[in-house]
Peer 1: 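Take this structure, written in structure tokens, and hold onto it; I'll ask about it next.
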Amino acid sequence: MTTCDVLRCDQPGLRRLLIPSGAGENDEKIICEMHHNAMLQGARWVAYVENPEVLMGSDAPPVLTEVFVRHSGSSNLSSQPVFINLYLSNTDGTERSIEIEATNQLQVLRDLLSK
Ligand SMILES: [Zn+2]
């Protein structure tokens with residue numbers, strides 16, 4: 001018996017789910033009835049190309065919902081620091097935010113996102 005491809009689920013996999021992969025080949029996962037129904041109703045899921053499991057619930061990473069940038073103050077790293085607030089929405093509907101100070105890693109991030 002094939003089990004569901006959702007991480008930590010041991011229910012029988014009865015439904016096929018086509019995972020569009022953008023530029024590469026599409027992938028196909030085997031999903032149990034319960035998770036398939038949840039997906040059809042819009043439940044959040046994440047599938048990485050190199051990972052056989054589908055992430056749902058608290059296993060799925062939070063979603064970035066808002067970004068706020070503040071140029072003010074000073075810090076031990078810079079006399080003109082840039083602070084970035086990231087607002088995140090968790091799969092369970094809760095939200096949280098973190099504030100970070102930008103460093104030269106911001107350029108690395110910019111390069112990575114532009115690929
Ligand atoms: Zn399942």
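For the numbers below, each heavy atom of this structure counts, side chains included, while hydrogens, waters and symmetry mates do not. Counting starts at 1 for both ligands and their atoms, following the listed order. Everything quoted here is computed from the prediction, not taken from an experiment.
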Peer 1: Provide the atom name of the closest N, O or S atom of His35 relative to the Zn ion (ligand 1).
Peer 2: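 Result: ND1.
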Peer 1: Tell me the angle that SG of Cys9 and SG of Cys32 form around the Zn ion (ligand 1), rounded to 10°.
Peer 2: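 The angle at the Zn ion (ligand 1) comes to 110°, rounded to the nearest 10°.
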Peer 1: Establish, from distance only, whether the side-chain atoms of Asn37 and Gln41 form a donor-acceptor pair under 3.5 Å.
Peer 2: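 No, Gln41 and Asn37 have no side-chain donor paired with an acceptor closer than 3.5 Å.
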Peer 1: With no hydrogens and no angle check, just 3.5 Å: does a side-chain donor-acceptor pair link Ser75 and Glu101?
Peer 2: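 Yes, Glu101 and Ser75 have a side-chain donor paired with an acceptor closer than 3.5 Å.
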Peer 1: Please determine whether Cys4 has a backbone or side-chain N, O or S atom lying under 2.8 Å from the Zn ion (ligand 1).
Peer 2: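 A backbone or side-chain N, O or S atom of Cys4 is under 2.8 Å from the Zn ion (ligand 1).
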Peer 1: Work out which heavy atom in Asp5 is nearest to a heavy atom in Ile31; give both atom names and the distance.
Peer 2: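 Taking every non-hydrogen atom into account, CB-CD1, 4.4 Å.
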Peer 1: Can you see whether Asn90 engages Arg96 through a side-chain donor-acceptor pair at a distance of less than 3.5 angstrom?
Peer 2: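 Present: a donor and an acceptor within the cut-off.
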